[in-house]
Amino acid sequence: MPSLETLKVAGVPLLLRPPANRDRHTPLILFWHGFGSPNGEADIAEAFALEHVEAWKAYLGLPLFGQRSVGVEDLMRRQMEDYVLQLLLPVVEQAVQELPEVIEALRSHCDLDRNSPLGLFGFSAGGLAALLTLAESHLPIQSVVLAGVTKDLSAAVATYERFTQSSYEMLSEQYPGLKPEYEWSEESETARNRLDFVAHSKEIVQRDPLPAILFVHGVQDEAFNLDDVEALHDALKIQYQQLSHPERLSLRVFQHLRHAIDLTSNSSPEQQADIVEIERVVADWFKQYL
């Protein structure tokens, strides 16, 4: 397997894996990790090496995480003070804003022409960044994989509330003023509308080229419910069918998979088998649609 190159591109730390064979039209796939495992550049590079996909693979660090980590204490403080406005939205929004310059710099670094195919992978919070990219950017992304993602900001906040309520007595001692439910403000309500991807599904299908989108999700996902990602998939499915391209949208469900994608954790043999299978499914998708 080709070795990883450590780079900082347009201010963004990343790991770059070259293809075995390269030319100016070789695809470039960009990966975003999540807040949980894999939650850094090295982790997602290990989980999704995609050894048999002939493409440049760039594993980007999200703001506040990976090589730009502000530390666990500061991340927790942000999460407890205002999960949306101090943690989730700043990370996702900055990642999306950084992406065009990262792509331009990587194309120069890898000697790729401007029409070389682009792929995008996002896990969990990185998947929300990928969805926001699809909804708002003009980048010509041809193929996308969304792993362990959810349909909107409200669903992400519901996950935060479950976490807070499960440990409320302990957390409220450390963070005075913490409420068991998130308190929406005018600014966070604006973000909620912006990150409602069912409502913005039409913007996604109006992209040129029409992106080939694969959702992968675990039945046992304890962070984001399968029902929510099914709702987003179904909203997109109607429109992909109307465009006569239903084959460019897929949802693959894994019976034993929890939220984390980590072969090194104490997961069951069935969960580990699902993780191995996910990499194969993701590789096949990118090989087909890049």
Side-chain angles (χ1 to χ4, degrees), residues 27-32 34 84-85 88-100 102-103 115 117-159 184 186-217 221 223-253 281-282 285-286 288-290:
L28 171 63
I29 307 173
L30 303 115
F31 295 76
W32 274 318
V84 173
L85 298 181
L88 185 60
L89 183 63
V91 170
V92 168
E93 192 171 48
Q94 184 177 335
V96 174
Q97 291 170 350
E98 292 171 343
L99 192 58
V102 169
I103 290 172
N115 295 318
L118 287 177
L120 186 60
F121 177 103
F123 166 69
S124 193
L128 294 178
L131 280 165
L132 190 60
T133 300
L134 292 178
E136 295 187 353
S137 83
H138 298 289
L139 294 168
I141 297 163
Q142 293 175 250
S143 185
V144 182
V145 176
L146 301 166
V149 76
T150 193
K151 65 185 177 68
D152 56 29
L153 181 58
S154 294
V157 168
T159 299
W184 293 92
E186 184 176 349
E187 189 177 356
S188 58
E189 285 283 4
T190 299
R192 173 152 63 175
N193 294 331
R194 185 181 175 196
L195 274 67
D196 182 343
F197 298 111
V198 173
H200 292 297
S201 59
K202 288 186 178 179
E203 285 95 321
I204 293 174
V205 301
Q206 288 169 354
R207 295 180 62 85
D208 183 19
L210 178 68
I213 302 176
L214 170 67
F215 293 91
V216 293
H217 211 88
D221 192 316
F224 295 145
N225 294 331
L226 177 58
D227 288 349
D228 287 336
V229 77
E230 287 178 333
L232 176 54
H233 170 264
D234 291 349
L236 290 166
K237 182 178 179 180
I238 295 169
Q239 298 175 71
Y240 273 69
Q241 289 174 334
Q242 291 173 345
L243 293 168
S244 301
H245 285 295
E247 77 287 351
R248 294 182 68 82
L249 179 73
S250 183
L251 168 62
R252 290 291 302 270
V253 176
V281 167
V282 170
W285 189 262
F286 281 131
Q288 183 173 359
Y289 290 108
L290 280 179

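Every heavy atom of this structure was used, including side-chain atoms; hydrogens, water molecules and symmetry mates were not.
Contact between G127 and L146 at its shortest, heavy atoms only, is O-CD2, 3.7 Å. V144 approaches W285 most closely through the heavy-atom pair O-NE1, 3.6 Å. Nearest approach of Q241 to P246, heavy atoms of both residues: CG-CB, 4.0 Å. The shortest heavy-atom contact between A129 and V92 is CA-CG1, 3.6 Å. For the pair A135 and E203, the tightest heavy-atom approach, listed with the atom from each and the gap, is O-CB, 3.8 Å. When every heavy atom of L153 is checked against every heavy atom of S188, the shortest pair comes out as CD2-O, 4.2 Å.
Distance check: L118 CG to I141 CD1 gives 6.5 Å after rounding to the nearest 0.5 Å. Note that CG of L132 is 8.5 Å distant from CG of L128, once rounded to the nearest 0.5 Å. The distance from the CH2 atom of W184 to the CG atom of L85 is 9.0 Å, given to the nearest 0.5 Å. D208 contributes atom CG, which lies 10.0 Å from atom CD of Q142 (distance to the nearest 0.5 angstrom). Note: L249 CG to L214 CG = 9.0 Å, rounded to the nearest 0.5 Å. We find the CD-CD1 distance between Q239 and I204 to be 9.0 Å, quoted to the nearest 0.5 Å.
Applying the side-chain hydrogen bond (donor to acceptor under 3.5 Å, both in side chains) test to pairs two or more places apart or on separate chains, those with a residue in residues 91-100 are R68-E98, E93-R194, Q94-E98. Listed by first then second residue, pairs satisfying ring pair (Phe, Tyr, Trp, His ring centres under 6.0 Å) with a partner in residues 123-156 read F123-H259, not counting sequence neighbours. The stretch residues 243-252 participates, sequence neighbours left out, in these side-chain hydrogen bond (donor to acceptor under 3.5 Å, both in side chains) pairs: H245-E247.
Between L28 and P117, the closest side-chain pair of non-hydrogen atoms is not below 4.5 Å. Using a 4.5 Å cut-off on side-chain heavy atoms (C-beta onward), F215 and L236 make contact. L99 has its side chain out of reach of S137: every pair of non-hydrogen atoms, C-beta onward, lies at least 4.5 Å apart. At a threshold of 4.5 Å between non-hydrogen side-chain atoms, the residues T133 and W32 count as touching.
With V149 as reference, V229 is the one residue of D221, V229, V216 to meet the side chain to side chain contact (heavy atoms under 4.5 Å, CB included) rule.
No donor-acceptor pair under 3.5 Å is formed between the side chain of H200 and the backbone N or O of L131. N225 places no side-chain N or O within 3.5 Å of a backbone atom of D227 that could act as its donor or acceptor partner. Between the side chain of S201 and the backbone N or O of V198 there is at least one donor-acceptor pair closer than 3.5 Å. Using a distance-only test at 3.5 Å, with no hydrogens or angles considered, no donor-acceptor pair links the side chain of R192 to the main chain of S154. Between the side chain of S143 and the backbone N or O of G119, no donor-acceptor pair lies under 3.5 Å.
By the 30° and 60° cut-offs, the orientation of the rings of F31 relative to F121 is tilted.
The environment of E189 atom CD is dense: over 12 non-hydrogen atoms of other residues, nucleotides or ligands sit within 6.0 angstrom.
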Criterion side-chain contact (heavy atoms from CB on, under 4.5 Å) on F197 and T150, from CA distance to verdict: CA-CA 9 Å; F197 298 111; T150 193; over 6 Å; no

Which is it for E230 and H233 under the side chain to side chain donor-acceptor pair (under 3.5 Å) test, yes or no, and what are the steps along the way? CA-CA 5 Å; E230 287 178 333; H233 170 264; over 6 Å; no

